[in-house]
Amino acid sequence: MSVSSSQRPSALEHQARIYLRGGAGLTPPVPVDPLSLEEKAQKYMSPAAAAYIIGGAGRERTIAFNRQDFDRWQIVPRMLRDVGTRDTSSSFLGQTIASPLMLAPIGVLEMVHKKADLAVAAAATATGTPMVISNQASFPMESIARVLGETPRMFQLYWSKSNELVKSLVKRAEDIGSQAIVLTLDTTMLGWRNRDLEEAYLPFLRGQGIAQYTSDPVFRKLAESFQPDVSVSKPPVTPATIAMLLKQADNVPGSFLKNLTSGKALRLVRAFIHYFVRPSLNWENLAFLQDCTSLPIILKGILHPEDAKLAVQYGVQGIIVSNHGGRQVDGAMSAIEALPKVVSAVEGKIPVWMDSGIRTGADMFKAIALGAQAVCLGRPYVYGLTLAGKKGVQSVIQHLQAEFELTMGLSGCKNIAEIRQSSLEERVSWRN
Ligand code: FNR
């Protein structure tokens, strides 16, 4: 499943194509500037989708830090270094990929596009970009894997209250050729998300983003015997309640009428809410996952260097430095700030990847110079999906890859190894 860099147009070809098409009055399918991309996508989203996708925890300070803290670092380009040939290829779990870019797991994409993860997988395939399939995807992982063909993929796991369900999901991930299990650690409960709370909208309650569960034989059994907690106070029955029940019946697999009249849809959703996450998860639990699978385990959501050391000690194969795009702890440290400390803590023993705040090719360059092996792209590809489906995601990826290659070359680096050797300078005014 190795993907060579020849599979994508070079930065200069991509750039030239855009300018040439300009002669025919055509502009790129989605805005190139990341802020314009977000602003335009928001116009095409429902208020609930905009809150869920663009929003984050609390006052969204961490979302702001994720962006601002890239400005701490300056690239100091070197000259006259023969960058006539540029190689952005990078290693990924022992394989070669076209550029050090992957797609972060993002749930509930059906909120912005009917084809959701399938369109994203098609764009990943077209560009040779590894995809992390979300535990909260809108389609079962098997359907997404079919679209991915030979493209590298990993499955992202939320550790359920049921170990049997964890086992089943991991087995399915192995069967679809997942190259690792990405275990997300920072979401053992949902963060306090002001915008979602103001909309009073949680997609899962409507049966959205639970396809990995409703397609799982172990989960379906658990749901059949699930007894909801009757002590939980019920909301008043209003026309919106009926609309929600209809939506649930429509969103879960099976006949709409049967789902509604038999109470199956409601049962599946309630069981999902119960089994979704496990707040008591701890380091000792990792042994269970390691016993379940021989796949590499990558821990997503590490920020503290001591946790990075523990990850090495507990024998996992990689780390993703991430604060979940500022969706969990408002005021948490930015990922780019945490990155060099984590890199230094692991002492090269396992690879470190990074997400949260990556918007441009220059951001990618900085993350790699600070020690990331690769970065994961998050919200921007969802904006591409919102505006133009597969084509939109593909354009967003290509813009990023092209800017990355140009930044690399114009900074005097021919390849990823040279980026790692190039040091960034801290802005003098940073802490003043
Ligand atoms: C996420 N993220 C996420 N992470 C994960 O492990 N599983 C998931 O299902 C989701 N779902 C999800 C939905 C939405 C709408 C967003 C915005 C994010 C987090 C994601 O993988 C990644 O860490 C962040 O998106 C990175 O932040 P930026 O760069 O997108 O701001």
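First listed ligand is number 1; within each ligand, the first listed atom is number 1.
In this structure, Asn135 does not count as a contact residue of ligand 1, since none of its heavy atoms falls inside 4.0 Å of the ligand. The closest approach between Asn66 and ligand 1 stays at or above 4.0 Å for every heavy atom of the residue.
In this structure, Tyr158 and His324 have parallel ring planes: the angle between them is below the 30° cut-off, well short of the 60° mark. Ring orientation note: the planes of His14 and His399 are tilted relative to one another, at an angle of 30° to 60°. Between Phe204 and Phe276, the ring-plane angle classifies as tilted under the 30° and 60° cut-offs.
Of the protein's non-hydrogen atoms, Asp355 OD2, 2.9 Å is the one closest to atom 23 (O) of ligand 1.
On a distance-only criterion, Tyr52 and ligand 1 share no N/O pair closer than 3.5 Å. Of the polar atoms of Ala104, none of the N or O atoms is found under 3.5 Å from an N or O of ligand 1, judged by distance alone. For the pair Gln136 and ligand 1, the shortest N or O to N or O distance does not fall below 3.5 Å. Considering backbone and side-chain N/O atoms, Gly357 comes within less than 3.5 Å of an N/O atom of ligand 1.
Distance OG/Ser334 to CZ/Arg72: 9.0 Å, rounded to 0.5 Å.
Between Asp69 and Trp73, the side chains place no donor N or O within less than 3.5 Å of an acceptor N or O (distance only, hydrogens not considered).
Taking each of Arg67, Gln156, Arg327 in turn, the one with a heavy atom nearest to atom 16 (C) of ligand 1 proves to be Arg327. When the heavy-atom distances from atom 20 (C) of ligand 1 to Pro203, Pro105, Gly325 are ranked, the shortest goes to Pro105. When the options Met111, Lys300, Gln328, Glu38 are ranked by their closest heavy atom to atom 4 (N) of ligand 1, first place goes to Lys300.
With a 4.0 Å heavy-atom cut-off, ligand 1 is reached by the backbone of His324 and by its side chain too. When heavy-atom distances to ligand 1 are checked against a 4.0 Å cut-off, Thr184 comes that close only through its side chain, counted from C-beta outward. When heavy-atom distances to ligand 1 are checked against a 4.0 Å cut-off, Ser356 comes that close through both its backbone and its side chain.
Every atom of ligand 1 is numbered from 1 in the order shown, and the set under 4.0 Å from a heavy atom of Ile53 is 15 (C), 17 (C). In summary, the atoms of ligand 1 found under 4.0 Å from a heavy atom of Gly378, numbered by their order in the structure, are 25 (O), 30 (O).
A cation-pi arrangement is absent between Arg220 and Tyr213, since the terminal nitrogen or guanidinium carbon is not both under 6.0 Å from the aromatic centre and inside a 45° cone about the axis. At least one cation-pi condition fails for Arg267 and Phe272: the charged atom is not both under 6.0 angstrom from the six-membered ring centre and inside a 45 degree cone around its axis.
The two residues Val343 and Leu370 make their nearest non-hydrogen contact at CG2-O, 3.7 Å.
The side chain to side chain contact (heavy atoms under 4.5 Å, CB included) test with Ile133 singles out one residue from Asp117, Ile176, Leu103, and that residue is Ile176.
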